[in-house]
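Have a look at the structure below before the remarks.
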Amino acid sequence: MDTQNLKAFVTVANLGSFSLAAAQLHLTQPAVSKRVAALEVELGHGLFHRINRRVELTQAGALLLQRAINILQTIEDTRQQLADFDGAVSGELKVATSHHVG
């Protein structure tokens, strides 16, 4: 199972649109459709009901969604742990302060 196909699937599911997913992923809409179609062929199940310009998850799509999110998160966590193992520090740091400096 290709992680790029899973990422396209999750993005379409979250946004409810192939076009919006394409914009967010910096891909063309046909490229996103192709990735989702490849995943559907690989799994042997349709993942979306395509209704006009909207998409809704099928039962198979709903089952896959949470698992796909977990898979992608596990991969990202593993990458981060390996980077931490090497002593590299990276990631997002958010700092908040009060406008009253004591």
Side-chain angles (χ1 to χ4, degrees):
M1 204 174 293
D2 186 282
T3 58
Q4 295 303 316
N5 293 351
L6 284 177
K7 191 172 186 178
F9 163 72
V10 169
T11 305
V12 172
N14 287 337
L15 298 176
S17 165
F18 281 84
S19 299
L20 293 175
Q24 183 170 325
L25 294 170
H26 305 290
L27 297 169
T28 63
Q29 185 272 325
V32 172
S33 294
K34 194 173 198 175
R35 288 180 181 191
V36 171
L39 191 56
E40 290 175 324
V41 168
E42 181 179 356
L43 297 174
H45 291 280
L47 300 173
F48 293 104
H49 294 294
R50 291 152 175 91
I51 304 164
N52 295 329
R53 292 196 163 271
R54 294 182 310 123
V55 292
E56 293 179 0
L57 288 170
T58 63
Q59 285 183 325
L63 175 71
L64 177 61
L65 181 59
Q66 190 56 52
R67 292 173 189 244
I69 290 169
N70 290 341
I71 289 166
L72 293 171
Q73 187 60 55
T74 299
I75 290 169
E76 183 57 34
D77 291 347
T78 302
R79 284 186 179 136
Q80 186 61 52
Q81 288 176 354
L82 289 171
D84 292 348
F85 181 73
D86 292 337
V89 177
S90 66
E92 187 175 317
L93 173 64
K94 293 183 180 183
V95 178
T97 64
S98 171
H99 64 281
H100 299 290
V101 178

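Note that the coordinates shown come from a computational prediction; the quantities given were computed from them, not determined experimentally.
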Sequence neighbours left out, what passes side-chain hydrogen bond (donor to acceptor under 3.5 Å, both in side chains) with Q29? Give chain and number order.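 By the side-chain hydrogen bond (donor to acceptor under 3.5 Å, both in side chains) rule, Q29 matches S33.
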For Q73, which residues count as a side-chain hydrogen bond (donor to acceptor under 3.5 Å, both in side chains) partner, sequence neighbours excluded? D77
Is there any side-chain hydrogen bond (donor to acceptor under 3.5 Å, both in side chains) pair reaching into residues 55-69, and which pairs are they, with sequence neighbours excluded?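 As it turns out, the side-chain hydrogen bond (donor to acceptor under 3.5 Å, both in side chains) pairs with a partner in residues 55-69, which skip direct neighbours, are R54-E56, Q66-N70.
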Atom pair [atom1] ([X]) and [atom2] ([Y]), whose distance is rounded to the nearest 0.5 Å:
{"X": "H45", "Y": "L64", "atom1": "NE2", "atom2": "CG", "answer": "10.5 Å"}
{"X": "F9", "Y": "L47", "atom1": "CZ", "atom2": "CG", "answer": "5.0 Å"}
{"X": "Q4", "Y": "L27", "atom1": "CD", "atom2": "CG", "answer": "8.0 Å"}

Would you say the side chain of T11 lies within less than 4.5 Å of the side chain of V32, judging by non-hydrogen atoms?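 Side chain of V32 against side chain of T11, heavy atoms only: no contact under 4.5 Å found.
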Return a table of donor-acceptor pairs under 3.5 angstrom between the side chains of residues 12-25 and protein atoms on other chains or two or more places apart.
unit_1 : atom_1 : unit_2 : atom_2 : d
N14    : ND2    : V10    : O      : 3.4
S17    : OG     : S19    : N      : 3.2
S17    : OG     : L20    : N      : 3.1

Show every salt bridge (charged side-chain N to carboxylate O under 4.0 Å, His left out) that has at least one partner inside residues 27-49, sequence neighbours left out. E40-R50
Output the rest of the hydrophobic cluster of L63: all Ile, Leu, Val, Met, Phe, Trp and Tyr residues reachable through side-chain heavy-atom contacts under 4.5 Å, sorted by chain and number.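 L63 clusters with nothing; isolated.
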What heavy-atom pair brings G46 and A60 nearest, and what distance separates the two atoms? O-CB, 3.8 Å
Out of the candidates L72, I69, V36, only one should pair with L6 under the side chain to side chain contact (heavy atoms under 4.5 Å, CB included) rule; please name it.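 Option passing the side chain to side chain contact (heavy atoms under 4.5 Å, CB included) with L6: L72.
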